[in-house]
Structures are given as structure tokens and as C-alpha cells.
> 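Here it is: the structure, laid out below.
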Amino acid sequence: MDRLSEFEEKIGYKFRDRNLLFEALTHSSYANESKHQYRSNERLEFLGDSVLSLVVSEYLFETYTAYPEGELSKTRATLVCEKMLAKFAKKIDLGEYIIFGRGEAQNGGKDRPSIVSDAFEAVIAAIYLDGGLEAARSHIMRFLPENIREAVAKAYDDYKTILQEIIQKNPEESVEYRLVSESGPDHNKSFTVHVMLNSNVIGEGTASSKKHAEQLAAKQALELMGAVEHE
């Protein structure tokens with residue numbers, strides 16, 4: 001089985017036009033070094049970025065009907081950022097299939113987040129051009145995390161928001177953050193914060209700033225609740 005067929009098996013999509021897939025996997029280093037006039041995946045990456053944004057935006061709009069525009073934008077930004085796309089790419093070993101020039105291959109291009117995330121978007125564009133929007137949508141939806149709210153909380157270190165959303169479901173309950181200790185010189189202070197549900201301590205966090213300590217306390221509370229996975 002050749003490498004393109006192997007990759008098709010990996011992503012569960014068979015191309016009618018194999019040239020699109022070849023272009024999506026062709027890094028500029030190979031295109032520049034090759035004697036043939038191959039095109040790199042940069043143009044496809046440009047298109048794939050837009051297709052990805054459309055599919056994710058539509059999904060969030062239809063799924064999170066209570067989210068205001070700001071939260072929708074923040075969530076989308078998390079799901080389409082380089083760090084997240086690199087994680088998606090790793091799930092299908094995309095770096096192993098990118099076609100590099102000799103120098104980039106030796107420099108570890110297959111493990112570089114910026115390269116694999118761009119290639120991920122290029123593959124989306126190739127599928128879109130080959131099979132249409134629904135084919136691209138099916139491909140993209142395979143990678144979106146089951147718990148999008150948790151993914152966003154982790155990306156933004158914003159556990160306070162997710163905890164507040166859970167507590168708000170019970171109007172009679174309230175959450176409060178209480179500074180319980182502060183130590184160290186001004187240039188290297190340490191703050192410990194408790195997060196209280198009514199009058200009960202449900203989480204504790206210690207950090208070099210009050211805000212970060214509050215986030216760690218909220219994270220611990222969420223882990224105890226089973227709302228996010230313990231790391």
C-alpha cells in the first residue's frame with residue numbers, strides 16, 4: 001500500500017483526485033527543492049482555515065444556544081488554534097505523511113506544531129475540494145473534543161467560568177473565593193485561596209498570584225466533582 005493510500009485509510013476518506021491529497025501533504029521545502037513544479041500546501045492551508053472556521057462556528061452556534069457572541073468566539077479560537085490543531089494532527093500521525101525537503105526532514109519538521117497544524121488545514125481543504133462541504137464537515141467533527149467546555153477551560157486556564165456555570169444551575173447555592181494565606185517577599189509572593197460552596201471548602205489553590213490561585217482552586221473543585229479529568 002503506498003503512502004497516500006495508507007493516509008486515506010488513516011483518515012477514512014478516499015480521494016477521487018489524488019493530486020489534491022499530494023498537494024495537501026507537500027511542504028514548501030519539498031516543492032522548492034524538487035526539479036518538478038510541485039505546489040506546496042500553502043494555498044490549500046489558506047482555504048482549509050476558512051472551511052474549518054465555518055464548520056466549527058456552525059457547530060457551536062447550533063449546540064451552545066445560550067452562549068453570547070463573545071463566548072462563541074473564544075471557544076472557536078480555542079478549537080482552531082495551532083496548539084489544538086497540532087493535537088488533532090497527532091491523532092492521525094499526520095507528521096509522518098508530510099512530504100519534506102531533505103533539510104526540513106532532518107530538522108524534525110514532522111514534529112513542529114506550526115507545520116503539522118498547517119498541513120491539517122490543507123487536508124481539510126483537499127477533502128472540501130474533492131468531496132464538498134459535508135465530507136469536510138464529517139472529517140472535522142471526528143476531532144472535536146467530546147467535552148468542548150473542558151477543552152476551552154484548559155486552554156484558557158479558566159476553570160472559574162466552568163465552575164460558575166455548574167453552580168448557577170442551582171440558584172440557592174453560591175460560590176466564593178477566599179484568600180486564606182499570603183507569604184513571601186513582594187517579588188516572590190505565594191497566595192493560597194479556598195473556593196467555598198456556601199460555607200464549605202470545595203477546593204484549594206496556591207500560586208504566585210491571587211488570580212492563578214483562584215483558578216487552581218476552581219480546578220481542584222471541578223476535579224472533585226468529576227467535571228474535569230484529574231491531570
Side-chain angles (χ1 to χ4, degrees), residues 1-32 34 38-64 67 72-101 104-105 108-152 154-155:
M1 184 183 292
D2 65 54
R3 296 291 284 168
L4 294 184
S5 295
E6 188 177 308
F7 186 69
E8 286 178 325
E9 288 286 330
K10 184 81 72 169
I11 64 174
Y13 180 82
K14 190 167 183 63
F15 281 81
R16 290 174 292 185
D17 183 356
R18 277 286 195 78
N19 292 324
L20 284 169
L21 177 57
F22 182 81
E23 184 178 332
L25 296 174
T26 300
H27 187 256
S28 58
S29 61
Y30 181 80
N32 293 335
S34 176
Y38 293 125
R39 289 208 302 196
S40 76
N41 60 11
E42 290 174 349
R43 282 173 53 84
L44 286 176
E45 182 253 322
F46 165 78
L47 177 60
D49 177 73
S50 295
V51 175
L52 174 64
S53 183
L54 172 62
V55 170
V56 171
S57 296
E58 185 178 61
Y59 173 75
L60 294 175
F61 181 81
E62 293 178 348
T63 305
Y64 296 92
Y67 271 30
L72 290 172
S73 295
K74 177 180 174 180
T75 304
R76 180 183 61 193
T78 303
L79 295 173
V80 302
C81 71
E82 179 183 295
K83 180 180 177 181
M84 191 70 78
L85 296 186
K87 286 183 178 180
F88 296 165
K90 192 171 183 179
K91 289 183 178 180
I92 52 174
D93 300 319
L94 180 53
E96 301 295 330
Y97 296 92
I98 298 174
I99 305 164
F100 291 107
E104 191 62 55
K110 68 177 184 176
D111 298 315
R112 198 169 298 167
S114 61
I115 290 177
V116 296
S117 62
D118 285 350
F120 186 83
E121 290 180 325
V123 170
I124 289 172
I127 293 173
Y128 169 74
L129 292 173
D130 188 74
L133 182 59
E134 287 310 309
R137 190 196 315 278
S138 295
H139 175 70
I140 292 166
M141 293 304 297
R142 292 174 52 205
F143 297 93
L144 294 189
E146 288 184 14
N147 191 338
I148 286 178
R149 189 170 60 178
E150 179 181 344
V152 173
K154 286 182 177 179

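The structure displayed is predicted, hence computed values, not measured ones.
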> Answer whether the closest heavy-atom distance between the side chains of I140 and L52 falls below 4.5 Å.
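The answer is yes, as the side chains (C-beta and beyond) meet within the 4.5 Å cut-off.
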
> Between D2 (side chain) and S5 (backbone), is there a donor-acceptor pair under 3.5 Å?
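Such a contact is found between D2 side chain and S5 backbone.
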
> Which pairs would a plain distance check flag for residues 108-132, meaning a side-chain donor or acceptor within less than 3.5 Å of a matching protein atom at least two apart in sequence or in another chain?
{"unit_1": "K110", "atom_1": "NZ", "unit_2": "E96", "atom_2": "OE2", "d": "3.3"}
{"unit_1": "R112", "atom_1": "NH1", "unit_2": "E104", "atom_2": "OE2", "d": "3.0"}
{"unit_1": "R112", "atom_1": "NH2", "unit_2": "E104", "atom_2": "OE2", "d": "3.4"}
{"unit_1": "R112", "atom_1": "NH2", "unit_2": "N107", "atom_2": "O", "d": "3.4"}
{"unit_1": "S117", "atom_1": "OG", "unit_2": "P113", "atom_2": "O", "d": "2.8"}
{"unit_1": "S117", "atom_1": "OG", "unit_2": "S114", "atom_2": "O", "d": "3.1"}
{"unit_1": "D130", "atom_1": "OD1", "unit_2": "R16", "atom_2": "N", "d": "3.2"}
{"unit_1": "D130", "atom_1": "OD1", "unit_2": "D17", "atom_2": "N", "d": "2.9"}
{"unit_1": "D130", "atom_1": "OD2", "unit_2": "Y13", "atom_2": "OH", "d": "2.6"}
{"unit_1": "D130", "atom_1": "OD2", "unit_2": "R16", "atom_2": "N", "d": "3.1"}

> Answer whether the closest heavy-atom distance between the side chains of T78 and M84 falls below 4.5 Å.
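A side-chain contact exists here, since the closest heavy-atom pair is under 4.5 Å.
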
> Are R76 and S53 close enough that some pair of their side-chain heavy atoms sits under 4.5 Å apart?
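They are in side-chain contact.
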
> Less than 6.0 angstrom separating the ring centers of Y97 and F7, yes or no?
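Centroid distance Y97-F7: below 6.0 Å, so yes.
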
> Take atom CZ in F46; do more than 12 heavy atoms of anything else shown fall under 6.0 Å from it?
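Open.
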
> Could you pull out the closest heavy-atom pair between F143 and K91, with the gap in Å?
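Smallest heavy-atom distance, with atoms named: O-NZ, 4.0 Å.
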
> Give, for atom CG of L54 and atom OH of Y59, the distance between the pair rounded to the nearest 0.5 Å.
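With rounding to 0.5 Å, CG (L54) is 15.0 Å from OH (Y59).
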
> Give me the atom names and distance for the closest heavy-atom approach of L60 to I148.
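Taking every non-hydrogen atom into account, CD2-CD1, 4.2 Å.
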
> Sequence neighbours excluded, which residues qualify as side chain to side chain donor-acceptor pair (under 3.5 Å) partners of S138?
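Testing S138 for side chain to side chain donor-acceptor pair (under 3.5 Å), a comparison that skips the adjacent residues, returns none.
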
> Judged by atom type as modelled, is there a donor-acceptor pair below 3.5 Å linking the side chain of S29 to the main-chain atoms of G101?
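Looks like yes, one N/O pair under 3.5 Å.
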
> Does the side chain to side chain contact (heavy atoms under 4.5 Å, CB included) test come out yes or no for K90 and K87, once each step is laid out?
CA-CA 5 Å; K90 192 171 183 179; K87 286 183 178 180; 5.7 Å; no

> Please evaluate residues E42 and S28 with respect to the criterion side chain to side chain contact (heavy atoms under 4.5 Å, CB included), reporting the C-alpha separation (whole Å), side-chain torsions for both, the decisive distance (0.1 Å), and the verdict.
CA-CA 7 Å; E42 290 174 349; S28 58; 3.6 Å; yes

> Do I11 and R142 come close enough that some side-chain heavy atom pair is under 4.5 Å?
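Touching, per the 4.5 Å side-chain cut-off.
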
> I need the R3 CZ to I98 CD1 distance, nearest 0.5 Å.
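These two atoms lie 11.0 Å from each other.
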
> Quick one, R18 with E8, criterion salt bridge (charged side-chain N to carboxylate O under 4.0 Å, His left out). Give me CA distance, side-chain angles, the key distance, then yes/no.
CA-CA 10 Å; R18 277 286 195 78; E8 286 178 325; 3.2 Å; yes

> Name all residues meeting the salt bridge (charged side-chain N to carboxylate O under 4.0 Å, His left out) criterion together with E82; count only those two or more places apart in sequence or in a different chain, and write none if there are none.
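Per chain and number, E82 pairs via salt bridge (charged side-chain N to carboxylate O under 4.0 Å, His left out) with no residue.
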
> Quick check: do L20 and F22 have side-chain heavy atoms less than 4.5 Å from each other?
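Contact flag for L20/F22 side chains = no.
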
> If you apply the rule side chain to side chain contact (heavy atoms under 4.5 Å, CB included), what do you find for L25 with L4, and how did you get there?
CA-CA 9 Å; L25 296 174; L4 294 184; 3.8 Å; yes

> Kindly indicate, with the supporting measurements, whether the criterion side chain to side chain contact (heavy atoms under 4.5 Å, CB included) is fulfilled by L44 and E23.
CA-CA 8 Å; L44 286 176; E23 184 178 332; 3.8 Å; yes

